[in-house]
*Asks:* 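Structure below; questions to follow.
One-based numbering along the sequence shown.
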Amino acid sequence: MVVGGEPETVRPEQGKGNPMSREAWQRIVDAGKGYDPQRMFSDYVCLHDVSKVIRGRSAVQQQDMQECPDCKTLKRMGEYEMEIESGPCDSPQSREMLNGYARGQLVAAYRDGVLTNRGGMSGNIEWQGQGATLLGRVFAMLNAGTHQEIGGCDKCAMPGHAEGWLRAGIIEGDCTGCRVNGAVVYTFEAGEEGAEFKAQFEGLLICQCNAD
């Protein structure tokens, strides 16, 4: 425990692992801030189903094989764009506002430097719907099965499969201030220059409202 200041380095267990920089330590601490369960419980909100079918592509702009004494990680940075249409469970509110297109930047990392190994992806999103403009973040686990014990169909390694989340806020439009949160399932084909992907997004349009 640190009293009265931040450490220069932090180790999860003494004598194990690599020292954590102050910057990395601060990112972890900051990620846990800002969550107020009492406020979330007290706020009055309206919820609308969001169901989208997505088709898109990404292009690699930079690539680096990062080698450490005990591991190797392939990093790729680039841009993506995608078209967004209503899915089978879309609400009228979502259909009117959110169909359109999106683009953003992303960074992906792959274990042992292999594109078909388990990895992670994070990025930003600029979503231009028919009636709203949104900004947010995306994250996904790559090439990993997530339902081994739930449904029993997935394997530990599933190249070309990804699952994650998308969180965005409406910054322009009739519902400015509303949020879109949900889960995304992707199928993709990764190559040296980028990837083609299809996805299904299932989530909620969340808008604060006033009690009568």
Side-chain angles (χ1 to χ4, degrees), residues 31 34-59 78-108 120-142 144-147 150-151 153-154 158 160-190 194-212:
Y35 175 67
D36 185 345
Q38 186 59 50
R39 179 178 176 180
M40 292 187 70
F41 177 75
S42 301
D43 283 348
Y44 280 71
V45 295
C46 293
L47 305 178
H48 306 286
D49 295 352
V50 179
S51 176
K52 299 299 180 188
V53 175
I54 297 168
R55 292 177 176 83
R57 62 219 57 87
S58 66
E79 296 182 342
Y80 70 91
E81 58 183 11
M82 58 193 192
E83 295 80 44
I84 302 169
E85 301 177 350
S86 286
C89 308
D90 217 14
S91 65
Q93 294 85 352
S94 169
R95 188 177 299 110
E96 291 171 6
M97 279 198 303
L98 301 178
N99 287 355
Y101 64 92
R103 62 184 182 182
Q105 299 170 309
L106 59 83
V107 174
M121 179 277 290
S122 64
N124 60 11
I125 183 169
E126 302 175 21
W127 182 343
Q128 184 61 60
Q130 295 174 156
T133 301
L134 301 86
L135 293 178
R137 293 290 306 276
V138 294
F139 173 81
M141 290 299 304
L142 307 174
T146 56
H147 296 77
I150 303 174
C153 296
D154 286 6
M158 292 186 64
H161 172 82
E163 293 191 30
W165 52 255
L166 182 157
R167 296 175 182 168
I170 298 178
I171 61 167
E172 189 175 317
D174 293 337
C175 293
T176 298
C178 295
R179 306 184 306 279
V180 173
N181 293 347
V184 195
V185 179
Y186 305 83
T187 59
F188 65 94
E189 226 177 286
E196 299 280 334
F197 61 89
K198 297 180 181 179
Q200 183 171 346
F201 174 79
E202 297 295 334
L204 288 167
L205 172 64
I206 305 166
C207 298
Q208 286 189 300
C209 61
N210 296 317
D212 292 334

*Asks:* What's the shortest heavy-atom distance between Leu166 and Phe201, and which atoms?
*Replies:*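 Scanning both residues completely, I find the closest heavy atoms to be CB-CE1, 3.8 Å.
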*Asks:* Given side chains that start at C-beta, do those of Met97 and Leu205 come closer than 4.5 Å, heavy atoms only?
*Replies:*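 Yes, side chains in contact.
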*Asks:* Sequence neighbours excluded, which residues qualify as side chain to side chain contact (heavy atoms under 4.5 Å, CB included) partners of Thr187?
*Replies:*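 By the side chain to side chain contact (heavy atoms under 4.5 Å, CB included) rule, Thr187 matches Lys198.
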*Asks:* What are the two closest non-hydrogen atoms of Ala132 and Gln128, and how far apart are they?
*Replies:*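 Smallest heavy-atom distance, with atoms named: O-NE2, 3.5 Å.
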*Asks:* Is there less than 2.5 Å between the SG of Cys46 and that of Cys207?
*Replies:*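 Answer is no, sulfur atoms not closer than 2.5 Å.
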*Asks:* Please tell me if the side chains of Arg137 and Trp165 come closer than 4.5 Å, counting only heavy atoms from C-beta onward.
*Replies:*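 Heavy-atom side-chain distance check passes, below 4.5 Å.
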*Asks:* Measure the shortest side-chain to side-chain distance between Pro88 and Ser51 over non-hydrogen atoms and say whether it is less than 4.5 angstrom.
*Replies:*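 In short, these two side chains touch, coming nearer than 4.5 Å.
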*Asks:* Output yes when a side-chain donor or acceptor of Ser58 lies under 3.5 Å from a complementary backbone atom of Ala195, and no otherwise.
*Replies:*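 Pair found, side chain donor or acceptor close to backbone of Ala195.
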*Asks:* In terms of heavy-atom contacts, does CD of Glu189 have more than 12 from other residues, nucleotides or ligands at under 6.0 Å?
*Replies:*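 Check fails, neighbour count at 12 or below.
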*Asks:* Could you tell me whether a side-chain N or O of Arg95 sits under 3.5 Å from a main-chain N or O of Asp90, the two making a donor and an acceptor?
*Replies:*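 Such a contact is found between Arg95 side chain and Asp90 backbone.
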*Asks:* Measure across Ala162 and Leu142 and return the closest heavy-atom pair with its distance rounded to 0.1 Å.
*Replies:*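 So the minimum-distance heavy-atom pair works out to CB-CD2, 3.7 Å.
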*Asks:* Does Glu79 use its side chain to pair, donor to acceptor, with the backbone of Ala59 at less than 3.5 Å?
*Replies:*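 Looks like no, no N/O pair under 3.5 Å.
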*Asks:* Could you check whether Asp43 and Gln208, counting side-chain N and O atoms only, form a donor-acceptor pair closer than 3.5 Å?
*Replies:*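 Indeed, the side chains of Gln208 and Asp43 share at least one donor-acceptor pair under 3.5 Å.
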*Asks:* Would you kindly say whether Glu172 and Thr176 are connected by a side-chain donor-acceptor distance under 3.5 Å?
*Replies:*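 No, Thr176 and Glu172 have no side-chain donor paired with an acceptor closer than 3.5 Å.
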*Asks:* Looking at Val50, is its backbone amide N or carbonyl O close enough to the side chain of Ser94 to form a donor-acceptor pair, meaning the two atoms are under 3.5 Å apart?
*Replies:*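 Not a single qualifying donor-acceptor pair exists.
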*Asks:* Could you grab the distance from atom SG of Cys89 to atom NZ of Lys52, nearest 0.5 Å is fine?
*Replies:*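 With rounding to 0.5 Å, SG (Cys89) is 11.5 Å from NZ (Lys52).
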*Asks:* Which value, rounded to the nearest 0.5 Å, describes the distance between Arg167 atom CZ and Asn181 atom CG?
*Replies:*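 The distance works out to 6.0 Å.
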*Asks:* Measure the CD1-CE distance between Ile54 and Met82 for me, rounded to the nearest 0.5 Å.
*Replies:*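 Ile54 atom CD1 to Met82 atom CE measures 4.5 Å (nearest 0.5 Å).
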*Asks:* Do Ile84 and Leu98 touch side chain to side chain, with heavy atoms closer than 4.5 Å?
*Replies:*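 Ile84 does not reach Leu98 side chain to side chain.
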*Asks:* Roughly how far, to the nearest 0.5 Å, is NE2 of His48 from CD of Gln93?
*Replies:*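 Taking CD in Gln93 and NE2 in His48, the distance rounds to 4.5 Å.
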*Asks:* Kindly check if the number of other-residue, nucleotide or ligand heavy atoms within 6.0 Å of OH (Tyr101) is above 12?
*Replies:*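 No - once you tally the heavy atoms of other residues, nucleotides and ligands closer than 6.0 Å, there are 12 at most.
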*Asks:* Between Asp49 and Ser91, is there a donor-acceptor pair closer than 3.5 Å when you use the side chain of the first and the backbone of the second?
*Replies:*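 Judged by distance alone, no pair lies under 3.5 Å.
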*Asks:* Considering residues at least two apart in sequence or located in another chain, which fulfil the side chain to side chain contact (heavy atoms under 4.5 Å, CB included) criterion with Glu83?
*Replies:*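 With neighbours one apart ignored, the set is Arg55, Arg57.
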*Asks:* How long is the straight-line distance from CD1 of Ile170 back to CG of Leu134, given to the nearest 0.5 Å?
*Replies:*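 Going from CG on Leu134 over to CD1 on Ile170, the span is 5.0 Å.
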*Asks:* Atom CD1 in Ile171, atom CH2 in Trp127: separation rounded to 0.5 Å?
*Replies:*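 Reported to 0.5 Å precision, the distance equals 13.5 Å.
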*Asks:* Do Glu126 and Leu135 touch side chain to side chain, with heavy atoms closer than 4.5 Å?
*Replies:*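 Counting from C-beta outward, Glu126 and Leu135 do come under 4.5 Å.
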*Asks:* Decide yes or no for His161 and Val185: does some side-chain heavy atom of the first lie under 4.5 Å from some side-chain heavy atom of the second?
*Replies:*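 SC-SC contact between His161 and Val185 confirmed.
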